[in-house]
There are 2 protein chains.
Amino acid sequence: MAENLRKTAQRDAILYAIQHAEGPMTVNQILKEVQKKIPKLGIATVYRTIKHLLKQKSIKVVSLPNDVVRYETNDLGHHHHFSCVKCEKVFDMPGCMLPKINGTEIYNGYLILNHEITLFGECPSCRGI
Amino acid sequence: MAENLRKTAQRDAILYAIQHAEGPMTVNQILKEVQKKIPKLGIATVYRTIKHLLKQKSIKVVSLPNDVVRYETNDLGHHHHFSCVKCEKVFDMPGCMLPKINGTEIYNGYLILNHEITLFGECPSCRGI
DNA sequence: ATTGATGCAAACCTTTTGCAACAGC
DNA sequence: GCTGTTGCAAAAGGTTTGCATCAAT
């Protein structure tokens with residue numbers, strides 16, 4: 001019994017919110033944002049929709065140190081994140097400072113398949129730029 | 001009223017467990033390990049002790065993507081972590097692939113103060129080595 | 001009409017807190 | 001003896017689940 005997913009206003013709005021956000025969003029940010037359009041949206045629907053979107057790989061988990069879990073679209077390509085220690089916002093950082101990983105990298109006996117980098121510091125607006 | 005911390009068997013055992021672990025430990029791993037010595041140890045004591053150890057900077061948070069929060073001693077120097085996608089263990093990876101950060105790095109307007117790298121892949125024992 | 005999706009509330013699980021008993025100093 | 005600490009249980013937070021109703025197909 002393969003699941004037969006239906007198109008609903010809630011799912012459309014949730015995915016739209018994630019796609020059009022400045023950076024990775026928390027569950028509560030998603031809830032508040034979508035409730036502007038659909039006030040009766042319940043938190044359970046957000047969680048369930050996130051699960052579906054994750055399963056179909058439309059979005060991915062962004063789990064940064066010392067932060068709640070966030071979600072972003074999966075079409076951004078390889079990039080990393082910057083976490084501002086002042087305003088606590090999270091920004092996407094295009095590009096990568098590490099050499100490309102092709103799935104055969106061995107380091108001290110460890111096979112490296114992937115990596116995540118989180119930068120911490122002060123964002124431009126918190127620096128007054 | 002500066003807090004006057006006392007030395008107790010529980011705190012000693014909890015710190016000992018973290019210091020002598022293979023890698024960063026979860027709250028439950030700490031609880032189970034210390035309960036071998038102090039069976040009546042409560043989970044609340046583990047959480048409270050972790051808070052104290054964090055405040056006095058004896059330990060630090062290790063919060064990796066797609067994993068529960070872990071803790072490790074704070075005397076390991078700059079290093080990163082390897083998360084095995086097969087056995088799900090976390091290992092310390094000495095050394096760093098990124099240039100040294102001295103607190104004045106500017107990147108696209110962002111002031112970089114610190115960074116964390118998590119590598120994902122297969123550990124030596126899961127690779128059959 | 002069928003069956004997946006939603007909203008609500010209850011259930012769950014992890015973390016925190018209140019409190020009386022305990023124990024370091 | 002004073003006061004910080006512990007274990008227990010209750011509370012608080014965040015996430016999941018059950019279920020009757022709603023709605024996409």
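No experiment lies behind these values; they were computed from the predicted model shown. In what follows, chains carry the letters A, B, and so on, assigned in the order in which the sequence lines appear, proteins first and then strands, with residues in each chain numbered from 1.
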message: Counting only side-chain nitrogens and oxygens, does B:Gln10 get under 4.0 Å of the OP1 or OP2 atom of D:dG7?
response: yes
Send over the distance from [X] [atom1] to [N] [atom2], rounded to a whole Å.
| X | N | atom1 | atom2 | result |
| --- | --- | --- | --- | --- |
| A:Arg70 | D:dT15 | CZ | P | 13 Å |
| B:Leu31 | C:dT16 | CG | P | 14 Å |
| B:Leu54 | C:dT16 | CG | C1' | 15 Å |
| A:Arg11 | D:dA24 | CZ | P | 12 Å |
| A:His52 | C:dA5 | NE2 | C1' | 9 Å |
| B:Lys40 | D:dA9 | NZ | C1' | 14 Å |
| A:Ile38 | C:dT6 | CD1 | P | 9 Å |
| A:Ile43 | D:dT16 | CD1 | C1' | 11 Å |

- request: Would you indicate what B:Leu41 reaches in the nucleic acid, counting non-hydrogen atoms under 4.0 angstrom: base, sugar-phosphate, or nothing?
  value: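 Since only primed, P, OP1 and OP2 atoms lie under 4.0 Å of B:Leu41, the category is sugar-phosphate.
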query: Do A:Asn28 and A:Thr26 have side-chain atoms, one donor and one acceptor, less than 3.5 Å apart?
result: no
query: Angle class for the B:His115/B:His78 ring planes (parallel below 30°, perpendicular above 60°, tilted otherwise)?
result: perpendicular
query: If the sugar-phosphate is the primed atoms plus P, OP1 and OP2 and the base is the rest, what is the B/S/- string for nucleotides 18-25 of chain C, using protein heavy atoms under 4.0 Å?
result: B----BBS
message: Are there over 12 heavy-atom neighbours, none belonging to A:Glu22, within less than 6.0 Å of that residue's CD?
response: no
message: Counting C-beta onward and ignoring hydrogens, is there a side-chain heavy-atom pair between B:Cys123 and B:Cys87 closer than 4.5 Å?
response: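 In short, these two side chains touch, coming nearer than 4.5 Å.
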query: Taking only residues two or more places apart in sequence or in another chain, which ones pass side chain to side chain donor-acceptor pair (under 3.5 Å) with A:Arg48?
result: none
field: Candidates A:Ile43, A:Leu41, A:Val46 - the one meeting side-chain contact (heavy atoms from CB on, under 4.5 Å) with A:Gln35
entry: A:Leu41
